[in-house]
Amino acid sequence: MTHVPTLAAGEDAAGPRRSLLLAGGGIRVAYQAGVLLALEEADVRFHHADGTSGGVLNLAMLLSGIAPGEACGRWRALDVRAFASPWPLRRVLRGPPYPALASATGMRERVLPALGVEVERVRTARGIDGTFNVCDFEAKACVAVPHTDADLDVLVAGVSLPVFSPAVERRGRVLLDAVWVKDVNVTEALRRGAQELWLIWCVGDHGVYRYGALQQYVHMIEIAAGSALREELALVRERGATLHVIRPRVPLPLDPDLVFGRVDAATLIAMGYRDAAAYLDEPHSAGVAPDASATRMIDPVPGVAFRERLSGGGYELRLSWEVDDLDAFLADPRGTLVGDVTHPSLGTRRPVRSGAFSVRSGGVVAELDFGGPRLTLSRRLDDWRQAELQPGRARLRVTAGGWRTLHARGVGSAREGARTQARFRRWFARMSRIRPVS
């Protein structure tokens, strides 16, 4: 039953010893599936892989034999509401204190099976060493459990965040999510002889402090994760190891944005693929500086995004239109796109490697690069449901999504989000009255 997972370097692989570090980030770690797909296409292979917090899910998938392409499909199909599992009525009636806001039933019985995780397959993976990080509450320490000793309790404990999920008792120890100790175990990778560290970072790292209970809970995670990483990066400098970091350019949407449909897993996957492709396309043999700048993101400012599906001429495009900075956009209307395309000549759900759009004289032109093939999407603001795709002048029509998915990004409150959306809608209404120049 032994098997060699995708991305495994194998027993006799030449070249530097590489560690893949899958940090946490809640449900947002769907982003990592897109990164793994880009790494597979670039033929980057690893001797060791480490997962912490949400990164445990992707590591468990990888060691179960789930290839990155299939991992993307499973994340897209996953009902994110399965993460929330209420306590049975009989437990509620017994009264407080409750172990946590939700039980772990959804994780054990729905999420892990839906992602294709099989514990026995995890333990029998060969050609790569895996480590799953958990917090041992009594020891107040992060413990790296080898994949050959992993079980369902370890995987569930690795994503059991205090307050939200109950701790797990295993072999007389109380285990839970390690994020409050560290969100990635650089020390373990170096202990195993890593010469190159490939870190996929999803937790926010910026300088904007937000108000509100949820935002500040997230900030506490960011503080714990970021400070622990900075301390460990000193070891990277000391050992002379090479550090590669793939991270979002702006903080990813929070988990409630996925639960309420403002963003979906497919968009996060496309973001991860886009960001990984951009890093891999640049000269990176020396990696990045192992200091605080490694994971630093652009400070969030009010922006908007929406997604849609367009079909026609044998094409199906799923796109998310992104405006990171609405003020800058209103002065010079340009933005970016992520997504994927399905067509006989391009394959099924092939991710966009890079995408950008601009608005001029009531018309929009978007350029989509798929790492060779390029598509140009043209449309009018006053007839948004129609579009033309080049080459071939294929006629497309919006078949799903659109304005109902419009949401604010980089805002600190619902009120600021509503104002941001209203400003964008007013701009769109004004621009749609301009007749495009032929």
Side-chain angles (χ1 to χ4, degrees), residues 7 18 20-44 46 54-55 58 62 68-69 71-72 75-76 183-184 196-206 222 225-226 229 242-254 257-258 263-285 287-289 293-300 303 305 307 318-325 334-341 349-357 366-371 409-410:
L7 300 185
R18 297 191 183 99
L20 172 66
L21 305 177
L22 299 169
I27 312 174
R28 297 172 289 174
V29 295
Y31 173 94
Q32 294 177 345
V35 176
L36 295 179
L37 180 61
L39 292 175
E40 179 189 24
E41 292 177 354
D43 198 31
V44 182
F46 300 93
N58 286 312
L62 183 66
C72 292
W75 271 111
R76 293 186 192 112
D183 200 31
V184 61
E196 282 188 12
L197 307 173
W198 287 74
L199 169 60
I200 308 178
W201 188 259
C202 295
V203 170
D205 188 353
H206 57 87
E222 293 169 347
L229 176 64
T242 300
L243 175 67
H244 301 278
V245 178
I246 297 171
R247 50 146 178 81
R249 65 179 184 235
V250 295
L252 293 175
L254 300 179
D257 291 313
L258 276 83
V263 68
D264 60 4
T267 300
L268 291 172
I269 290 166
M271 290 177 177
Y273 184 88
R274 182 262 318 271
D275 295 341
Y279 183 79
L280 292 165
D281 286 345
E282 293 293 326
H284 57 263
S285 59
V288 300
S293 67
T295 56
R296 181 66 188 228
M297 301 166 189
I298 299 171
D299 284 350
R307 63 185 187 277
R318 294 174 173 86
L319 300 175
S320 178
W321 301 72
E322 304 174 318
V323 174
D324 291 340
D325 184 335
R334 300 174 184 272
T336 54
L337 296 99
V338 294
D340 58 66
V341 64
R349 304 210 68 165
R350 181 168 176 174
V352 176
R353 201 168 182 90
S354 66
F357 71 91
E367 300 289 344
L368 306 174
D369 180 4
F370 295 90
R409 303 171 65 177

**Message:** Walk me through whether Ile298 and Asp324 qualify under side-chain contact (heavy atoms from CB on, under 4.5 Å).
**Reply:** CA-CA 10 Å; Ile298 299 171; Asp324 291 340; 5.9 Å; no
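- Atoms CG and CD1, on Leu21 and Ile200 in that order, are 8.5 Å from each other to the nearest 0.5 Å.
- The minimum heavy-atom distance linking Gly55 with Gln32 is given by the pair CA-OE1, 3.8 Å.
- Here the CG atom belonging to Leu229 is positioned 8.0 Å from the CG atom belonging to Asp205, to the nearest 0.5 angstrom.
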Exercise answer: donor-acceptor pairs, residues 33-41 side-chain atoms, under 3.5 Å, sequence neighbours excluded:
unit_1	atom_1	unit_2	atom_2	d
Glu41	OE1	Tyr273	OH	2.6

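- A heavy-atom distance below 4.5 Å is not found between the side chains of Ser320 and Asp264.
- Taking CG of Asp257 as the start and CD1 of Ile27 as the end, the distance is 10.5 Å to the nearest 0.5 Å.
- Annotation for Ile269 and Ala30: closest pair CG1-O, 3.3 Å, computed over non-hydrogen atoms.
- Note that CZ of Arg18 is 11.5 Å distant from CG of Leu197, once rounded to the nearest 0.5 Å.
- Just one of Leu319, Val341, Asp340, Val338 meets the side chain to side chain contact (heavy atoms under 4.5 Å, CB included) condition when paired with Leu368; it is Leu319.
- By the 4.5 Å heavy-atom criterion applied to side chains, Val245 and Tyr279 are not counted as neighbours.
- Separating the CG atom in Leu337 from the CG atom in Asp369 is a distance of 12.5 Å, to the nearest 0.5 Å.
- Ring geometry for His244 versus Trp198: interplanar angle under 30°, hence parallel rather than tilted (30 to 60°).
- Leu20 places a side-chain heavy atom less than 4.5 Å from the side chain of Leu22.
- Listed by first then second residue, pairs satisfying salt bridge (Lys or Arg N to Asp or Glu O under 4.0 Å) with a partner in residues 269-278 read Arg274-Glu322, not counting sequence neighbours.
- The backbone N or O of Arg296 sits less than 3.5 Å from a side-chain atom of Arg247, completing a donor-acceptor pair.
- Taking every heavy atom of both residues into account, Val288 and Ala294 meet most closely at CG2-CB, 4.2 Å.
- To the nearest 0.5 angstrom, Met271 atom CE is 6.5 Å from Leu252 atom CG.
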